[in-house]
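For reference, the structure I am asking about is given below.
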Amino acid sequence: MKTINSRIPEGPVAEKWTNFKAHQRLVNPKNKLKLDVIVVGTGLAGASAAASLGEMGFNVLNFCIQDSPRRAHSIAAQGGINAAKNYQNDGDSIYRLFYDTVKGGDYRAREANVYRLAEVSNNIIDQCVAQGVPFAREYGGTLANRSFGGAQVSRTFYAKGQTGQQLLLGAYSALSAQVQAGKVKLYTRYEMLDVVIIDGRARGIIAKNLITGKLERFSANAVVIATGGYGNTYFLSTNAMGCNVSAAMACYRKGAYFANPCYVQIHPTCIPVHGDKQSKLTLMSESLRNDGRIWVPKKLEDAKALQAGTKQGWEIPEEDRDYYLERRYPAFGNLVPRDVASRAAKERCDKGFGVNNTGLAVFLDFSESINRLGLDAMKQRYGNLFDMYEEITDVYPGDLANEINGVKYYKPMMIFPAIHYTMGGIWVDYELQTSIPGLFAIGECNFSDHGANRLGASALMQGLADGYFVLPYTIQNYLADQSIWPRISTDHEEFAKVEKATEDRIQHLLNIKGKRSVDSIHKELGHICWEYIGMGRTKEGLELGIKKIDELRKEFETNLFIPGSRDGLNIELDKAVHLDDFITMGKLIAYDALSRNESCGGHFREEYQTEEGEAKRDDENYFYVGCWEYQGSDDKAPELIKEPLEYEAIKVQTRNYKN
Ligand SMILES: Cc1cc2nc3c(=O)[nH]c(=O)nc-3n(C[C@H](O)[C@H](O)[C@H](O)COP(=O)(O)OP(=O)(O)OC[C@H]3O[C@@H](n4cnc5c(N)ncnc54)[C@H](O)[C@@H]3O)c2cc1C
């Protein structure tokens, strides 16, 4: 079996990062001026990395597909960002954040990385406050916190329901300062289509100018991808429409390992699917679970009446409501982690207790909190989320609807789990370097810190930790050698070869000239993935899913229709490239899910569950990171390589959110 060196420093977990920083090689300031770094992505991870590297003196080429870095998917982040500041004096600490994250990830994360993440979490808040990010504050002026799932302390910093947007504006300001200083050159509306490897090292990229359609070559001493997650493989997800996995797939096809692809997060609080013309799902932030209570009726006849539309939720009295999370998990209640909450919702709906016409929804009800704290308090906390819900469903969650036995009932939200975040991603070592020297991956596109399930408000923490505090140190370990290497010209034959292969691929797609639109095939892929590789997986289902994806691949190869021409702006052509990669990605998720004969976090194999329906891990056989190596063709099964996990500070045990 092939093994991987994750280059975790020696020593106790709490000292690794300090020791690493104290002893690693640094690049001499003069040499930095000669070194170019490509950063692909301007989300929170990419923008923070590009700004930091520019400020340190490197020459940065920063790419994104949108017309402005500020439009990266990161602006969608609503609820908040975690840090172990312990402002609430409720018992938080770096160790506790570390422990909660490892436990939340169902003991499948790399311990050393998570400790480092918890350590730098506090620096992130300081950095962002210094940038002027308008975090919510208490009346006295101190920063406010709220709670997210999987934690019993309040450690989430937030800016209304727009935390991602405000954080990205902060990072964008820092980035703009470096653009102005001439240290960062921005390439907006450019899409990286391939990575160029010369003598085993990443030396540049081939990118498409999305306006002219032309392919262009860029060389550098190192390449960093910060290109986000692969949730849109499932077609319907909470991700922005432009999110895609193409950059990660390009790296994978060039030899970068893809780790833990089966760990896909299904978020419990999204607006339910309401028709087959939909192309997007909307998240209702997890922060709502601070004050909203999740329930379905206790009686099947009530559920049937709700499904038929002959009864409304607010007509069901307190004693007939089943607050099933509070019932099953008294210690964490509505704030159990996402994987647990999603499965519990599915279990109730599978048993017939769903509350809308499709039977695939549960209630998220604010009546108790409104009665206790008043509607104004709710509006202050979640005003934009309530408005967003009303805009989409025409129901305002704060509207008084009924009074039963002196208790006022307000209109509840209806929610259901949806694909949201991907814990898997390009494998990286402790230094965030992929299995290809000189190629780094940060933010959601790597696999690094969340194990099998990410806790709420920790993606922003990881993206900014990677970009502001980890990569700027670790990349120097690699670049220290590079200062003596001449920069490779884009006239090098390898650049020409990769550019030609990219052009051939585009021409191949254009030449199919079939009858089906990209979206119709993508939608079908989404159905297959949701059905067979979604919330509940089985061996038979996964095998069938792989077969169906193979059939869909044939359909794609023979019946795809791309309108428009090769040159200039052609969004359908860009989407076709993305779909080509989503199909490969879907199969990779299925392979990984099939190989992991256990249930953990976001990966639930129905064969492996306890009598109470909880995920049943198998630590003896699956206590590893599953890394997949491309075998030269999309038709060949990838090879599994294992990175065994080693825990020193945390005792691996069954997750318990009950007491
Ligand atoms: C609705 C929603 C709400 C969320 N709320 C929270 C929250 O409250 N707290 C939290 O911690 N997390 C939250 N998350 C998760 C979090 O927003 C993301 O994980 C995080 O923002 C990802 O950041 P990123 O920088 O890694 O990638 P992204 O923000 O996805 O940025 C990717 C960048 O890569 C660029 N790119 C992609 N492919 C290419 C290519 N081939 N060539 C060139 N450029 C490319 C894009 O243009 C973009 O600039 C939420 C997610 C969603 C969907």
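All residue numbers in this chain count up from 1 along the given sequence. Counting starts at 1 for both ligands and their atoms, following the listed order.
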| query | Where's the contact between Arg454 and ligand 1, heavy-atom distance under 4.0 Å: side chain, backbone, both or neither? | reply |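 Looking at Arg454 and ligand 1, just side chain atoms fall under 4.0 Å.
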| Are Asp634 and Arg253 within salt-bridge range, i.e. N to O under 4.0 Å? |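 Yes, this pair counts.
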| remark: Honestly, for Thr227 the part within reach of ligand 1 (heavy atoms, under 4.0 Å) is both
| field | Distance from atom 3 (C) of ligand 1 to nearest protein heavy atom, with residue and atom | value | Leu283 CD2, 3.3 Å
| 4.0 Å heavy-atom contact, Val40 with ligand 1 |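 In this structure, Val40 qualifies as a contact of ligand 1 - some heavy atom is under 4.0 Å.
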| task | May I ask you to decide whether Arg155 forms a salt bridge with Asp100, counting only side-chain N to carboxylate O separations under 4.0 Å? | result |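 Yes, charged N to carboxylate O under 4.0 Å.
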| Using heavy atoms and a threshold below 4.0 Å, how should the contact between Ser74 and ligand 1 be classified: side chain, backbone, both, or neither? |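 For Ser74, backbone and side-chain atoms both sit under 4.0 Å from ligand 1.
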| Nearest protein heavy atom to atom 26 (O) of ligand 1, by residue and atom, and its distance? |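 Nearest protein contact, heavy atoms only, for atom 26 (O) of ligand 1 is Glu444 N, 2.9 Å.
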| task | Using a 4.0 Å heavy-atom cut-off, say whether Thr42 meets ligand 1 through its side chain, its backbone, both or neither. | result |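 For Thr42, backbone and side-chain atoms both sit under 4.0 Å from ligand 1.
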| said: With the threshold set at under 4.0 angstrom, would you say His578 reaches ligand 1 through any of its heavy atoms? | reply: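 In this structure, His578 fails to qualify as a contact of ligand 1 - no heavy atom is under 4.0 Å.
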| In terms of the angle between their ring planes, are Phe386 and Tyr382 parallel, tilted or perpendicular, with boundaries placed at 30° and 60°? |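 Parallel.
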| Close N or O approach (Leu460, ligand 1; < 3.5 Å) |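 Yes: some nitrogen or oxygen of Leu460 is under 3.5 Å from one in ligand 1.
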| Does Ala76 come within less than 4.0 Å of ligand 1, judged by its heavy atoms? |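 Yes, Ala76 has heavy atoms under 4.0 Å from ligand 1.
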| query | Considering only the protein, which heavy-atom contact is closest to atom 52 (C) of ligand 1, and what is its distance? | reply | His420 CE1, 3.2 Å
| Tell me, do Asp504 and His508 make a side-chain contact under 4.5 Å, heavy atoms counted? |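 No. Closest side-chain heavy atoms not under 4.5 Å.
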| query | At a 4.0 Å threshold, what atoms of ligand 1 neighbour a non-hydrogen atom of Gln66? | reply |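 Those qualifying, in numeric order: 46 (C), 47 (O), 48 (C), 49 (O).
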| said: Students should be able to answer this: which protein heavy-atom is nearest to atom 4 (C) of ligand 1, and at what distance? | reply: Ala77 CA, 3.3 Å
| task | Would you mind checking which non-hydrogen protein atom is closest to atom 9 (N) of ligand 1, with the distance to 0.1 Å? | result | Gly80 O, 2.8 Å
| Got an N/O contact under 3.5 Å between Met192 and ligand 1? |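 Indeed, backbone or side chain, Met192 has an N or O that close.
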| message | Strictly distance-based, threshold 3.5 Å: is any side-chain N or O of Arg116 a donor or acceptor partner for the main-chain N or O of Tyr430? | response | yes
| query | Counting from 1, what ligand 1 atoms have a heavy atom of Ala45 closer than 4.0 Å? | reply |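 By the 4.0 Å cutoff, the relevant atoms are 25 (O), 26 (O).
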| field | Within-shell test, Ala457 vs ligand 1, heavy atom, strictly < 4.0 Å | value | yes
| Side chain or backbone of Ala207 under 4.0 Å from ligand 1, or both, or neither, by non-hydrogen atoms? |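 No part of Ala207 is near ligand 1 at this cut-off.
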| With a cut-off of 6.0 Å (strictly less than), are more than 12 heavy atoms of other residues, nucleotides or ligands near CD of Gln507? | yes
| Within a radius of less than 6.0 Å around CZ of Arg71, do more than 12 heavy atoms belonging to other residues, nucleotides or ligands occur? |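 Counting neighbours around CZ of Arg71, 12 or fewer heavy atoms of other residues, nucleotides or ligands fall under 6.0 Å, so no.
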| Would you call the rings of Tyr230 and Phe258 parallel, tilted or perpendicular if under 30° counts as parallel and over 60° as perpendicular? |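 Tyr230 and Phe258: perpendicular rings.
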| query | Does Ala226 have a non-hydrogen atom less than 4.0 Å from ligand 1? | reply |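 Contact present.
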| field | Atoms in ligand 1 with a heavy atom of Gly43 nearer than 4.0 Å | value | 25 (O), 29 (O), 31 (O), 33 (C), 49 (O)
| message | Measuring centre to centre across the rings, with the benzene-like ring taken for any Trp, is His450 within less than 6.0 Å of Tyr263? | response |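 Between His450 and Tyr263, the centre distance exceeds or equals 6.0 Å.
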| field | Proximal ligand 1 atoms for Tyr421, defined as those under 4.0 Å from one of its heavy atoms | value | 19 (O)
| request: Could you list the atoms of ligand 1 found under 4.0 angstrom from a heavy atom of Tyr190? | output: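 By the 4.0 Å cutoff, the relevant atoms are 42 (N), 43 (C).
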| request: Check each atom of ligand 1 against the heavy atoms of Ala247 and keep those under 4.0 Å away; list them by number with element. | output: 41 (N)
| field | Glu572 and Lys575 ion-paired at < 4.0 Å | value | yes
| said: If you take the centroid of each ring, where Trp contributes its six-membered ring, are Phe157 and Tyr87 closer together than 6.0 Å? | reply: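 Yes, close enough.
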| note | Taking only non-hydrogen atoms of Gly41 and a 4.0 Å limit, the atoms of ligand 1 in range are 33 (C), 34 (O), 35 (C), 49 (O)
| query | So, does Leu44 sit close enough to ligand 1 that a heavy atom of it is under 4.0 Å from the ligand? | reply |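 It does; at least one heavy atom falls under 4.0 Å.
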| message | Between Lys500 and Glu503 (salt bridge meaning N to carboxylate O under 4.0 Å), is one present in this structure? | response | no
| query | If you count the atoms of ligand 1 from 1 in the order shown, which ones are under 4.0 Å from a heavy atom of Gly79? | reply |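 By the 4.0 Å cutoff, the relevant atoms are 7 (C), 8 (O).
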